[in-house]
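These numbers come from the heavy atoms of this one structure, side chains and all, not from hydrogens, waters or symmetry mates.
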Amino acid sequence: MKKLILVSLVSTLAFSGAALAQTTTVVVPGEVKTYVLQQGSPSVTYGGTVVVGEALPDTVEVYPIPQQPSYGYVVLNQQTVLVDPQSRRVIEVLR
């Protein structure tokens, strides 16, 4: 009985740890947000839902941010979106 409880406890902790490991928070520097919001780039119509963590298709042009190569941006459906230019994954949707 003790072994069964121990196995259950270990597997619960293992699965919850894996779920927590997938949740990452990216802290974007304020100057990146300021730069992007000042650009006034044209909006692109995007058929998908803009969700943090989603990779954008290659057909969407991601604009680089000078002095900040870790960040890019695009305006999708009138929403400014910060993107990781390497993976093309959405980092944050600015409101």
Side-chain angles (χ1 to χ4, degrees):
M1 182 67 169
K2 288 182 183 181
K3 287 183 181 180
L4 179 61
I5 293 172
L6 181 61
V7 169
S8 296
L9 178 62
V10 169
S11 52
T12 300
L13 290 174
F15 286 120
S16 63
L20 290 174
Q22 293 178 0
T23 304
T24 56
T25 302
V26 176
V27 179
V28 179
E31 60 268 13
V32 169
K33 293 179 184 181
T34 301
Y35 173 83
V36 168
L37 293 172
Q38 291 175 345
Q39 295 313 298
S41 299
S43 181
V44 175
T45 301
Y46 180 66
T49 303
V50 182
V51 178
V52 172
E54 176 185 354
L56 298 176
D58 291 337
T59 56
V60 175
E61 182 179 359
V62 176
Y63 298 107
I65 299 174
Q67 310 301 319
Q68 295 286 344
S70 299
Y71 302 100
Y73 75 98
V74 65
V75 181
L76 300 174
N77 302 334
Q78 306 298 323
Q79 294 180 315
T80 303
V81 180
L82 296 177
V83 179
D84 175 340
Q86 297 297 322
S87 67
R88 302 183 60 81
R89 293 201 180 278
V90 174
I91 296 171
E92 184 176 347
V93 179
L94 301 179
R95 308 216 185 260

(request) Before giving the answer on side chain to side chain contact (heavy atoms under 4.5 Å, CB included), spell out for Q67 and E31 the whole-Å C-alpha distance, their side-chain angles and the decisive distance to 0.1 Å. (result) CA-CA 10 Å; Q67 310 301 319; E31 60 268 13; over 6 Å; no
(request) Measure across V75 and P42 and return the closest heavy-atom pair with its distance rounded to 0.1 Å. (result) CB-O, 3.7 Å
(message) Among residues at least two apart in sequence or on other chains, which ones pass salt bridge (Lys or Arg N to Asp or Glu O under 4.0 Å) with R88?
(response) D58
(message) I need the minimum non-hydrogen distance between K33 and V28, along with the two atoms involved.
(response) CE-CB, 4.0 Å
(request) Over 60° means perpendicular and under 30° means parallel, so classify the ring planes of Y63 and Y73, tilted if in between. (result) tilted
(message) With clusters defined by side-chain heavy atoms of hydrophobic residues (ILVMFWY) lying less than 4.5 Å apart, directly or transitively, does V36 cluster with V62?
(response) no
(request) Of all the heavy-atom pairs spanning I91 and V83, show the shortest one and how long it is. (result) CD1-C, 3.6 Å
(message) If I compare all heavy atoms of S43 with all of Q78, which pair ends up nearest, and what's the gap?
(response) OG-N, 2.8 Å
(message) Please find the pair of heavy atoms, one from V52 and one from E92, that lie closest to each other, and give the distance.
(response) CG2-CA, 4.2 Å
(message) Counting C-beta onward and ignoring hydrogens, is there a side-chain heavy-atom pair between L56 and Y46 closer than 4.5 Å?
(response) yes
(message) Show, in sequence, the C-alpha distance, side-chain angles and deciding distance for L82 and L94, and conclude whether the side chain to side chain contact (heavy atoms under 4.5 Å, CB included) test is met.
(response) CA-CA 7 Å; L82 296 177; L94 301 179; 4.1 Å; yes
(message) Could you report the tightest heavy-atom contact between P85 and P69, atom names first, then the distance?
(response) CG-O, 3.4 Å
